[in-house]
Amino acid sequence: MKTNYLKRYIISSYMLVWGLIIAVGGSASLVFHAPPTVMWLVRNLIAWSPTYLLLIGWKHFRPGETRRDFVKRCFSGKVKPHLLMLSFCLTFVISLLSLGIFSLAEGRAMLSYLHLGETALPLSIFLSFTSGPTGEELGWRGFMREEFDKRYPFLKSSLCQGLVWCFWHALLWVVDSDFTGWKAFPYILSNIVVITCITVWMNMFLEKQNNLLYPVLLHFGFNIVYVFLEADIGFFVILTVLYLAITSLALEVRKRTALPPGSK
């Protein structure tokens with residue numbers, strides 16, 4: 001029977017991250033009462049789990065290729081400054097636009113929802129960039145995307161990747177969220193929709209240039225706002241609607257601009 005390396009990787013990544021959240025994150029928070037900056041470092045350690053799982057257990061997931069060849073291919077596409085800027089701005093601006101609409105509806109200034117917290121701004125930016133954006137993408141958009149693309153066409157592959165990625169965060173929705181009761185449901189739905197939509201966008205960029213710098217910046221543009229954001233569930237409802245609308249439009253544009261079969 002042919003080994004399903006993708007299934008093996010997904011199951012292993014879920015087991016590893018949930019084990020780390022409970023054992024390392026739980027101990028740091030509940031036993032040692034670590035300060036916020038230390039807890040951030042712990043979360044970064046956990047966020048890197050898809051990458052070091054892949055690289056350390058490489059022979060169990062991609063035995064027919066070397067790590068070196070794989071990493072080179074993941075960064076083989078051209079680095080185009082305008083695409084890099086666009087990849088960051090897409091997620092960053094949509095979050096700000098959602099916050100702007102939410103602030104108008106609530107009758108409050110946008111800046112009243114943004115708070116620096118206890119960590120200095122430069123350190124907050126650095127820790128945000130070295131968390132999920134740089135820690136996860138080699139596993140998700142590197143290994144997992146290639147494996148799903150072997151099996152399915154673009155949209156189905158993207159949806160599968162997005163669902164695997166979003167439910168990888170599922171335990172955090174329980175232990176690291178301020179939304180409980182009825183608010184938990186739109187919050188979880190927002191996570192599922194937004195993360196899946198971002199996956200579609202990442203794969204569109206990777207279609208153009210196969211370089212993980214683009215999904216890294218998309219990921220960072222999304223994450224950086226939430227480092228400082230303190231908003232109610234209405235913000236996430238608006239965010240979800242915008243992501244659905246913009247992703248639908250992007251897919252339609254991709255469909256209309258695709259070359260006919262056999263064209264060069």
Measuring from atom [atom1] of [X] to atom [atom2] of [Y], what distance do you get when rounded to the nearest 0.5 angstrom?
{"X": "Leu138", "Y": "Met144", "atom1": "CG", "atom2": "CE", "result": "12.0 Å"}
{"X": "Ile188", "Y": "Phe167", "atom1": "CD1", "atom2": "CZ", "result": "8.5 Å"}
{"X": "Ser128", "Y": "Ile224", "atom1": "OG", "atom2": "CD1", "result": "4.0 Å"}
{"X": "Leu218", "Y": "Thr199", "atom1": "CG", "atom2": "OG1", "result": "10.0 Å"}
{"X": "Gln161", "Y": "Asp149", "atom1": "CD", "atom2": "CG", "result": "5.5 Å"}
{"X": "Met202", "Y": "Leu90", "atom1": "CE", "atom2": "CG", "result": "11.0 Å"}

If only atom types and distance count, is the side chain of [X] paired as donor or acceptor with the main-chain N or O of [Y] below 3.5 Å?
{"X": "Gln209", "Y": "Lys78", "value": "yes"}
{"X": "Thr51", "Y": "Gly135", "value": "yes"}
{"X": "Ser124", "Y": "Ala120", "value": "yes"}
{"X": "Ser248", "Y": "Leu244", "value": "yes"}
{"X": "Ser157", "Y": "Pro153", "value": "no"}
{"X": "Arg108", "Y": "Ser112", "value": "yes"}
{"X": "Thr196", "Y": "Ile192", "value": "yes"}
{"X": "Tyr14", "Y": "Val164", "value": "yes"}
{"X": "Asn191", "Y": "Cys166", "value": "no"}

Criterion side chain to side chain contact (heavy atoms under 4.5 Å, CB included) on Asn203 and Arg145, from CA distance to verdict: CA-CA 8 Å; Asn203 290 345; Arg145 172 178 172 264; 3.2 Å; yes
With sequence neighbours excluded, residues passing side-chain contact (heavy atoms from CB on, under 4.5 Å) with Lys59: none
Atom of [X], atom of [Y] and distance for their closest heavy-atom approach:
{"X": "His33", "Y": "Leu30", "value": "CE1-O, 3.2 Å"}
{"X": "Met204", "Y": "Phe154", "value": "CG-CZ, 3.7 Å"}
{"X": "Leu206", "Y": "Pro215", "value": "CD2-CD, 3.9 Å"}
{"X": "Pro133", "Y": "Val216", "value": "O-CG2, 3.2 Å"}
{"X": "Ala47", "Y": "Gly132", "value": "CB-N, 3.8 Å"}
{"X": "Leu239", "Y": "Ser190", "value": "CD2-OG, 4.5 Å"}

Look at the side-chain heavy atoms of Ile, Leu, Val, Met, Phe, Trp and Tyr, link any pair under 4.5 Å apart, and say whether [X] and [Y] land in one connected group.
{"X": "Met85", "Y": "Ile198", "value": "no"}
{"X": "Val174", "Y": "Ile22", "value": "yes"}
{"X": "Leu116", "Y": "Leu229", "value": "yes"}
{"X": "Met39", "Y": "Val24", "value": "no"}
{"X": "Leu249", "Y": "Leu251", "value": "no"}

Check against side chain to side chain contact (heavy atoms under 4.5 Å, CB included), Leu83 and Asn211: CA-CA 11 Å; Leu83 287 181; Asn211 193 310; over 6 Å; no
State yes or no: are the ring centers of [X] and [Y] separated by less than 6.0 Å?
{"X": "Phe143", "Y": "Tyr9", "answer": "yes"}
{"X": "Phe126", "Y": "Trp40", "answer": "no"}
{"X": "Trp140", "Y": "Trp168", "answer": "yes"}
{"X": "Trp18", "Y": "His169", "answer": "no"}
{"X": "Phe205", "Y": "Trp201", "answer": "no"}

Over 12 foreign heavy atoms within 6.0 Å of [atom1], [X]:
{"X": "Met15", "atom1": "CE", "result": "no"}
{"X": "Phe185", "atom1": "CZ", "result": "no"}
{"X": "Arg151", "atom1": "CZ", "result": "yes"}

Any side-chain heavy-atom pair of [X] and [Y] under 4.5 Å:
{"X": "Phe228", "Y": "Leu121", "result": "yes"}
{"X": "Leu217", "Y": "Leu213", "result": "no"}
{"X": "Thr134", "Y": "Trp48", "result": "yes"}
{"X": "Ile195", "Y": "Phe222", "result": "no"}
{"X": "Leu6", "Y": "Phe61", "result": "no"}
{"X": "Glu65", "Y": "Arg73", "result": "yes"}
{"X": "Lys208", "Y": "Lys80", "result": "no"}
{"X": "Leu16", "Y": "Tyr52", "result": "yes"}

Can you say whether the rings of [X] and [Y] are parallel (under 30°), tilted (30 to 60°) or perpendicular (over 60°)?
{"X": "Phe236", "Y": "Phe179", "answer": "perpendicular"}
{"X": "Phe220", "Y": "Phe88", "answer": "tilted"}
{"X": "Phe102", "Y": "Tyr113", "answer": "tilted"}

Taking only Lys NZ, Arg NE, NH1 and NH2, and the carboxylate oxygens of Asp or Glu, determine whether [X] and [Y] approach each other closer than 4.0 Å.
{"X": "Lys183", "Y": "Asp178", "answer": "no"}
{"X": "Glu147", "Y": "Lys150", "answer": "yes"}
{"X": "Glu136", "Y": "Arg141", "answer": "no"}

Full working for side chain to side chain contact (heavy atoms under 4.5 Å, CB included) between Ile101 and Leu242: CA-CA 11 Å; Ile101 296 171; Leu242 285 180; 4.3 Å; yes
Side chain to side chain contact (heavy atoms under 4.5 Å, CB included) between Thr66 and Phe70, intermediate numbers included: CA-CA 6 Å; Thr66 66; Phe70 168 74; over 6 Å; no
CA sep, side-chain torsions, deciding dist, call: Lys255, Glu252, salt bridge (charged side-chain N to carboxylate O under 4.0 Å, His left out): CA-CA 5 Å; Lys255 179 181 178 181; Glu252 184 62 26; 5.0 Å; no
Sequence neighbours excluded, every pair satisfying side-chain hydrogen bond (donor to acceptor under 3.5 Å, both in side chains) that has a member inside residues 85-107: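 Non-adjacent pairs meeting side-chain hydrogen bond (donor to acceptor under 3.5 Å, both in side chains): Ser95-Tyr226.
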